[in-house]
Structure formats: C-alpha cells, structure tokens
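Notes follow the structure.
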Amino acid sequence: MTESPTAMPMTAVARALRARALSPLELVDAYLARIDAAPELRAFITPPGAAARRQVQRAAERIARRETGALLGVPIAIKDLFATRGVRTTVGSKILRDWQPGADAAVVTRLRKAGAIVFGKTNLHEFAYGVSNANPWWGVARNPVDPRRSPGGSSGGSAIAVVAGMCAAALGSDTGGSIRIPAALCGCVGLKPTRGAVPLQGAFPLGWSLDHAGSLTRTVADASLLFQILSGRPAPSRVRTRGLRVGVVRGSITERIQPGVGARVEAAARGLRRAGLRVRDVTIPELDWTVATQLVTLRAEASAVHARWIRQRPRSYGTDVRVRLQLGALVSGVDYVVAQRARDRLRDALDRAFDAVDVLLLATTPITAPVIGERVVRWRAAEEPIDGALVRLTSPFNLSGLPALSVPCGEAGGLPVGVQVVGRWNDEPRVLAVGQVIEEFAQE
C-alpha cells in the first residue's frame, strides 16, 4: 500500500481492513501519530485513549475471524456533544467537564453496531453555540490549512480531525450550519441530512427544532455510507444525474460574497452543465428573512435549554455564550410566534422552488476562513458580523429541515471553498449524487 492510511477515504480504509491489506493497529498508530504531531490545532477535547485501544484489539480479532461489518475497525471521531458510554462528554463546557454518560447516543450505538471504533471526542464551540470554535475552556481550535485562521464551528474539531488525517471520518451536529461551515472552511465534505433522518437521542441540544446530526468526511462516497449507517436506511439505487434540474440561488442573500468564492460557485454551475445537468437561476425572496428568523428561534430555544444553569451559574459560561443566552431570555412569546410564521412561509417558498428544480446550488459560506479573532467582514457599502456571514447561506436549511451537502470546490486565495447542494425533504440520494459530480470535476 503506497498511500498513507491517514490520507485514505473512509470507504477505502474499510475495504483495506476487510481485505487485510491494512491492520487496525497499524491504522490507529498512524492516526495517533498525526494527533500527537499537531496539538496546536486543538482538534480533540478527549483524544483517543485506552478504551479506543481495546476496541482496536477486538476489531483485529474479529477481522482475523472473517467477521463482517460495514465499518469494522474504522476509527470515527465523535463531536463532544454526543454521549459516549464511560467516556466523558463535556459539550465543550466547564459545567459538564466531568460528565461520563452511562449510555451511548443513538448515533454512537449505530456506529458501534457497524464495527466502528469510537476514536476520541472532538473540540467544539462551547455548548455548540457559535461558529468560531474559540473555546474558552478547551482551547481555540485552528484551521489545519492555515492555523492563523478559524476552522469554523461548532463542529470545528471534527473537521480538523478529518482534514488533518487524525481519523477516517467524524460525527458532527448542525443547528445553523455547524457541519457545513467547518467543512467549507477546512476543505472536507459535510452532510446535514433531512431533519429527523438521523436520531438525536443522546445528543446535547442547542435548538430543539433546528438541531441535526450528520457527518464530516473526506469524500461524498464516505458521507453516503455514513448516512446509510446513521439513518438505518438501505443503500439507494443509483441516481441518474444527467438531465437533473439545478437551480443556482440568486438574489440579495447571495450578493454579498467574496469574488473568489463566487467564482467557485460559477465554476460548479458550469461543471454541472458540462456533465449534462440543466442549470438555471432561481430567486427565492423569502430567504432574506432567514437571519432574523433563525436568530429569534435559536436564541429562544437555546435559552430554554440553559434556563436553570444561566440563572444559577452564569460565570460558568464563556463570555460570548453567556451573552447570547442572556439575550435569548429576552425574546418574547410574540417574537417567537412571528418567527415561526415566517419560517412556515420560508418552507412553503422552498417547496415551490422545487417544483421547478431538483436541487439548489449556492456557496456554503460567502467568505473563506477568517483570521482568528476577526469580528466583521467588510463589503463595499457595509460591514457584516463574521458570525452572521458564516451562517447566512446555511441556516435556511436548518429552518426548513432540508438536506444540505457542502462539497469542496477548489480554493480562493489559497483557502478552501465549499459549495452547497440542497434537495427536497428526504432526497439525500439525489443531493449526494450531484455532490459526487461536483467532487469529480473539482479534483480534475
């Protein structure tokens, strides 16, 4: 085997383990060497330890007995808000720094059933409430492409671990873009499935009606396999992409975008057209309501989750999360109801858009990875908070619950750019198929 196992896609790792061309022990040692070599990236809160080693040994014995499992012996890193039996689950916080759950989250149970090795707990923005992954308790996570820059969040540690070759793939969660944003900024694939397609039992909540569980991977094929395992759905029939209708999202929500990022979206549209897909522009004016609707919904729901702790021990939160939770307590019932009515209208508008197209195409984030500590992005006539810019193009699909995939599509200024493919409710197979087309020509 000439390729380093740390650079192999998860599906290739699984094949090599089954064929006994690669041993689980050799693989894990290679990943651990990568973790040890880059502590400054702060990818993990709890790195793989003795429990992971025991799992590796059992996997090696099972492989030797010719046992099967889709992910037998494959190390998967877990975002540290999914409960793991006997391994601390901090949710990136001081409050839960010593919590050891007595049971696994549903997604972890499904990974173990497929034979995967639970390979450490990854860093995240405190309580998943932010997109910088500058964690005051567990360290500021850094982008593996350029450590001066943010990896995005809140699943930043998971993206770092995948891109830096520290695991085969990783679990993440996504409430306003928390899988897709770090995937785009770090340069990997991030899938936010349809709301409810992957169970959330045992995941610490941020916003009950907005939370999704998903994955960060090296390839679209990896994301597809993990989705099957996490959702419990069978492998889909092959999707024919030629002739599919692609709607490139235009309008004010996509106007403020860095030129290099916009150029990669146009390149993706041209590549899909060359591959035989029918590409047209679409405008969905209701997307302009997203920022306010998401803000009110998330602030109210997150503050409800934390109502007791934020009253009793506010200083146990980092400053940014504490302020967000305190502001959320001021959201009125009227504001929340009005936001949900706007949300319904946004869902209806997206449903109508899918009468004319099969998938939507837009940038994942309008900017590349910002420098750590940067607060605003400057456009020609205005400034926009970095946090707001990063969630602007992802949060509509948390509000609507639609499946959305971020796929690497080249670089701008030496930094990764992700494009986003969005589909109808429960139409992951088509979203993934179009994503695979983009992946193929982006690598040419």
Side-chain angles (χ1 to χ4, degrees), residues 10 24-25 27-36 38-39 41-62 69 71-128 133 135 137-139 141 153-162 164 166-173 178-179 198-206 211 213-216 226 229-230:
M10 182 192 74
L25 294 170
L27 175 65
V28 163
D29 284 344
Y31 288 139
L32 289 173
R34 299 285 292 185
I35 294 169
D36 291 343
L41 297 180
R42 302 285 188 185
F44 288 87
I45 289 175
T46 303
R53 279 282 187 191
R54 290 192 294 271
Q55 293 175 69
V56 173
Q57 189 58 51
R58 287 195 295 270
E61 292 166 0
R62 291 180 61 189
L71 295 177
L72 184 54
V74 178
I76 307 291
I78 311 295
K79 184 178 182 178
D80 198 22
L81 59 63
F82 294 104
T84 42
R85 183 182 67 251
V87 178
R88 70 176 178 179
T89 300
T90 72
V91 199
S93 71
K94 176 181 179 181
I95 292 172
L96 295 174
R97 67 181 306 130
D98 298 316
W99 179 39
Q100 288 200 12
D104 286 327
V107 286
V108 177
T109 297
R110 291 183 177 185
L111 287 176
R112 290 194 199 272
K113 187 176 179 181
I117 294 164
V118 173
F119 204 62
K121 306 297 291 291
T122 57
N123 199 354
L124 66 152
H125 204 105
E126 182 185 12
F127 282 117
N133 229 125
N135 191 300
W137 316 113
W138 303 101
S154 61
S155 305
S158 292
I160 296 166
V162 169
M166 300 173 176
C167 60
L171 287 188
S173 67
S178 288
I179 287 172
V198 175
L200 285 166
Q201 291 93 333
F204 194 93
L206 174 58
D211 292 345
S215 63
L216 295 104
L226 267 183
I229 290 164
L230 297 175

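Position 1 is the first residue of the sequence, and the numbers go up from there. Bear in mind that the values here come from a model prediction, so they are computed numbers and not experimental data.
Residues forming a side chain to side chain donor-acceptor pair (under 3.5 Å) with Asp80 (at least two apart in sequence, or on another chain): Thr90, Lys121. Partners of Arg85 according to the salt bridge (Lys or Arg N to Asp or Glu O under 4.0 Å) rule, which considers only residues two or more places apart in sequence or in another chain, are Asp104. In this view, Thr46 and Arg88 satisfy the side chain to side chain donor-acceptor pair (under 3.5 Å) rule, not counting sequence neighbours. The side chain to side chain donor-acceptor pair (under 3.5 Å) search around Asp211 returns Thr175, not counting sequence neighbours. Scored by the side chain to side chain donor-acceptor pair (under 3.5 Å) test, Ser173 finds Lys79 as partners (sequence neighbours excluded). Arg58 meets the salt bridge (Lys or Arg N to Asp or Glu O under 4.0 Å) test with no other residue; sequence neighbours excluded. For the side-chain contact (heavy atoms from CB on, under 4.5 Å) test, residues two or more places apart in sequence or in another chain that qualify with Val56 are Pro24, Leu25, Val28, Ile117.
When all heavy atoms of Ile229 and Ala114 are compared, the pair lying nearest together is CG2-CB, 4.0 Å. In terms of heavy atoms, Phe119 sits closest to Pro75 at CG-CB, 3.6 Å.
In this structure a side-chain-to-backbone donor-acceptor pair under 3.5 Å is present from Trp138 to Ser93. Between the side chain of Glu126 and the main chain of Trp137, no donor-acceptor pair closer than 3.5 Å is present. For the pair His125 (side chain) and Asn133 (backbone), a donor-acceptor distance under 3.5 Å is present. Distance alone, capped at 3.5 Å, is enough to place a donor-acceptor pair between the Thr84 side chain and the Val87 backbone. Of the possible polar contacts, one joining the Ser155 side chain to the Ser178 backbone as a donor-acceptor pair under 3.5 Å is found.
For the pair Pro48 and Leu32, the minimum side-chain heavy-atom distance is below 4.5 Å. You'll find the side chain of Leu124 reaches within 4.5 Å of the side chain of Leu81, heavy atoms only. Residues Leu226 and Leu71 have side chains in contact (heavy-atom distance under 4.5 Å, counting atoms from C-beta outward). With a 4.5 Å cut-off on side-chain heavy atoms, Leu171 and Leu230 count as touching. In this structure, Val108 and Val118 have side chains that are in contact, with non-hydrogen atoms separated by less than 4.5 Å.
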List the atom pairs, donor and acceptor, that lie under 3.5 Å between side-chain atoms in residues 94-101 and the rest of the protein, sequence neighbours left out.
none

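Evaluation of the salt bridge (Lys or Arg N to Asp or Glu O under 4.0 Å) test over residues 42-54, restricted to residues two or more places apart or in two chains, returns Asp29-Arg53.
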